[in-house]
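Working notes, structure below.
In this text, all values refer to a predicted model and were calculated from it rather than measured experimentally. Hydrogens, waters and symmetry mates are skipped; everything else that's a heavy atom, side chains included, is used.
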Amino acid sequence: VFTVFIVAYILVPILVTLVMSFNNAAMIRFPLSGWSLRWYEDFFASGQWTGALGNSIVIAIGTALLSTTAGVLAAWAFERHHIPFRDGLYLLIMLPLFMPGVVLGLGVAIAFGGLQIGDWSIYGSKGLVMIAHSLWAMPLVFMLMEATFRTIDYRIVEASYDLGGKPVRTFFEIVIPMVSTGIISSALFAFVISLNEFVMALFLTDRDSQTLPVLMWLSLRSAGTPRLAVASVILALTVFACLTIIVMWYIRQLRKVSR
């Protein structure tokens with residue numbers, strides 16, 4: 001019974017949002033006055049909404065690349081090397097994960113808001129949002145990869161060294177394939193975190209770089225149309241797609257091991 005309650009608690013809001021995205025009315029209201037694809041057509045016909053979706057995807061991809069690269073390398077360094085002040089550095093890496101988004105967003109805005117590279121202003125750029133989102137995503141990648149690195153057989157790594165393998169080549173040709181499931185999972189989690197993040201993006205984006213969650217919030221303040229439900233469905237489907245990729249990759253790796 002408890003399991004059914006938990007499943008219903010998770011699925012009901014998603015299903016209601018999905019149903020509302022097909023509403024024919026001009027405002028969000030329940031029950032539906034009629035079924036229609038009107039708001040899906042409206043969403044994809046709007047340059048503002050598709051542009052915000054594109055910004056979210058670009059920023060999420062950049063965040064995933066940045067945080068995954070930094071998190072994997074940091075986790076490997078912690079696992080293989082003796083690092084001075086290890087405990088303090090570990091706490092420093094994990095600290096942003098527990099900080100409120102408003103604090104991080106405001107801090108990044110104050111620290112980098114006035115910087116310019118030539119005539120290009122950093123504030124309002126997608127790159128600045130990627131850096132801010134990585135403050136949340138990188139600690140998560142670091143934590144997942146640190147646990148993943150502990151599961152590999154280091155005798156294989158040592159054998160590579162004994163046979164003359166260089167550390168960099170060993171890392172990319174031996175270690176990376178062994179932890180590919182962890183890397184893919186970490187990257188997709190970082191992608192999802194960035195895609196759905198709202199508070200920091202609200203501080204750091206302008207009209208040209210605003211993300212879909214920011215535009216949804218601004219739209220909600222003026223008019224609660226079913227277009228918001230459409231945007232929510234698109235974000236939810238993206239998350240489900242990422243989870244599906246993780247599960248499929250994990251099953252694929254299990255089949256490789258069982259052969």
Inset, instruction - Could you check T151 against M178 for side-chain contact (heavy atoms from CB on, under 4.5 Å), going step by step and ending with a plain yes or no? - result: CA-CA 9 Å; T151 65; M178 288 194 294; over 6 Å; no
Legend entry - Residue pair I131, V108: steps toward the side-chain contact (heavy atoms from CB on, under 4.5 Å) verdict: CA-CA 9 Å; I131 293 173; V108 172; 5.6 Å; no
Legend entry - Residues Y40, S21; criterion side-chain contact (heavy atoms from CB on, under 4.5 Å); working and verdict: CA-CA 8 Å; Y40 282 90; S21 69; 2.7 Å; yes
Inset, instruction - Given side-chain contact (heavy atoms from CB on, under 4.5 Å), test F142 with L97 step by step and report yes or no. - result: CA-CA 11 Å; F142 172 79; L97 189 61; over 6 Å; no
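S56 places a side-chain N or O within donor-acceptor distance of the main-chain N or O of L212, the cut-off being under 3.5 Å. With hydrogens and angles ignored, the 3.5 Å screen pairs a side-chain donor or acceptor of W136 with a backbone N or O of M99. Checked by atom type and distance alone, the side chain of R227 never pairs as donor or acceptor with a backbone atom of F43 at under 3.5 Å. Side-chain N or O atoms of N55 include none that pairs as donor or acceptor with a backbone N or O of K126 at under 3.5 Å. Proximity of a side-chain donor or acceptor of D42 to a complementary backbone N or O of R38 within less than 3.5 Å is not detected. Between the side chain of T63 and the main chain of I59, a donor-acceptor pair closer than 3.5 Å is present. Between the S209 side chain and the G124 main chain, a donor and an acceptor come within less than 3.5 Å of each other. Proximity of a side-chain donor or acceptor of E41 to a complementary backbone N or O of A45 within less than 3.5 Å is not detected.
Rounding to the nearest 0.5 Å gives a distance of 13.5 Å between CG of L66 and CD1 of I61. Rounded to the nearest 0.5 Å, atoms OG1 (T148) and CZ (R150) are 10.5 Å apart. How far OG1 of T211 is from CD of E197: 7.5 Å, rounded to the nearest 0.5 Å. Note that CG of L135 is 5.5 Å distant from CG of L104, once rounded to the nearest 0.5 Å. For the atom pair CD of E158 and CZ of R155, the computed distance is 11.5 Å after rounding to the nearest 0.5 Å. Distance check, rounded to the nearest 0.5 Å: CD1 of I156 to OG1 of T170 gives 12.0 Å.
Transitive grouping of hydrophobic side chains (ILVMFWY, heavy atoms separated by less than 4.5 Å) brings L144 and F98 into a common cluster. Cluster annotation: M216 is connected to L195 through the hydrophobic network of ILVMFWY side chains, with a link wherever side-chain heavy atoms come within less than 4.5 Å. The hydrophobic cluster containing V168 also contains V179, counting ILVMFWY residues as joined when their side-chain heavy atoms lie under 4.5 angstrom apart, directly or transitively. Side-chain heavy atoms closer than 4.5 Å link hydrophobic residues (I, L, V, M, F, W, Y) into clusters, and following such links, even through other members, never connects F85 to Y90. Under the 4.5 Å side-chain heavy-atom criterion for ILVMFWY residues, a single connected hydrophobic cluster contains both L53 and W49.
Using a 4.5 Å heavy-atom cutoff, the side chains of V175 and F149 are in contact. The shortest distance between side-chain heavy atoms of R80 and F171 does not fall below 4.5 Å. Residues L218 and Q210 are in side-chain contact: their nearest non-hydrogen atoms beyond the backbone lie under 4.5 Å apart. Put simply, the side chain of S185 does not reach to within 4.5 Å of the side chain of W249, judged on heavy atoms. Between F44 and T50, some side-chain heavy-atom pair lies under the 4.5 Å cut-off. Inter-residue side-chain proximity for L89 and F78 is flagged as met; some heavy-atom pair is nearer than 4.5 Å. Counting only heavy atoms from C-beta outward, the side chains of H133 and I193 never approach each other to under 4.5 Å. You'll find the side chain of I93 reaches within 4.5 Å of the side chain of M138, heavy atoms only.
Atom CZ of F198 has more than 12 heavy atoms from other residues, nucleotides or ligands within 6.0 Å. Within a 6.0 Å radius of CE in M94, more than 12 heavy atoms belonging to other residues, nucleotides or ligands are found. Within a 6.0 Å radius of CZ in R207, other residues, nucleotides and ligands contribute 12 heavy atoms or fewer.
Between L188 and C242, the closest heavy-atom pair is CD1-O, 3.5 Å. Nearest approach of A77 to I83, heavy atoms of both residues: O-CD1, 3.7 Å. For the residue pair V233 and L18, the shortest heavy atom distance occurs at CG2-CA, 3.8 Å. When all heavy atoms of M145 and A75 are compared, the closest pair comes out as CB-CB, 3.8 Å. Across all their heavy atoms, Y123 and L128 have their closest contact at CA-CD2, 3.8 Å.
Under the ring-ring contact (aromatic ring centres under 6.0 Å, His included) criterion, F189 pairs with no residue, sequence neighbours left out.
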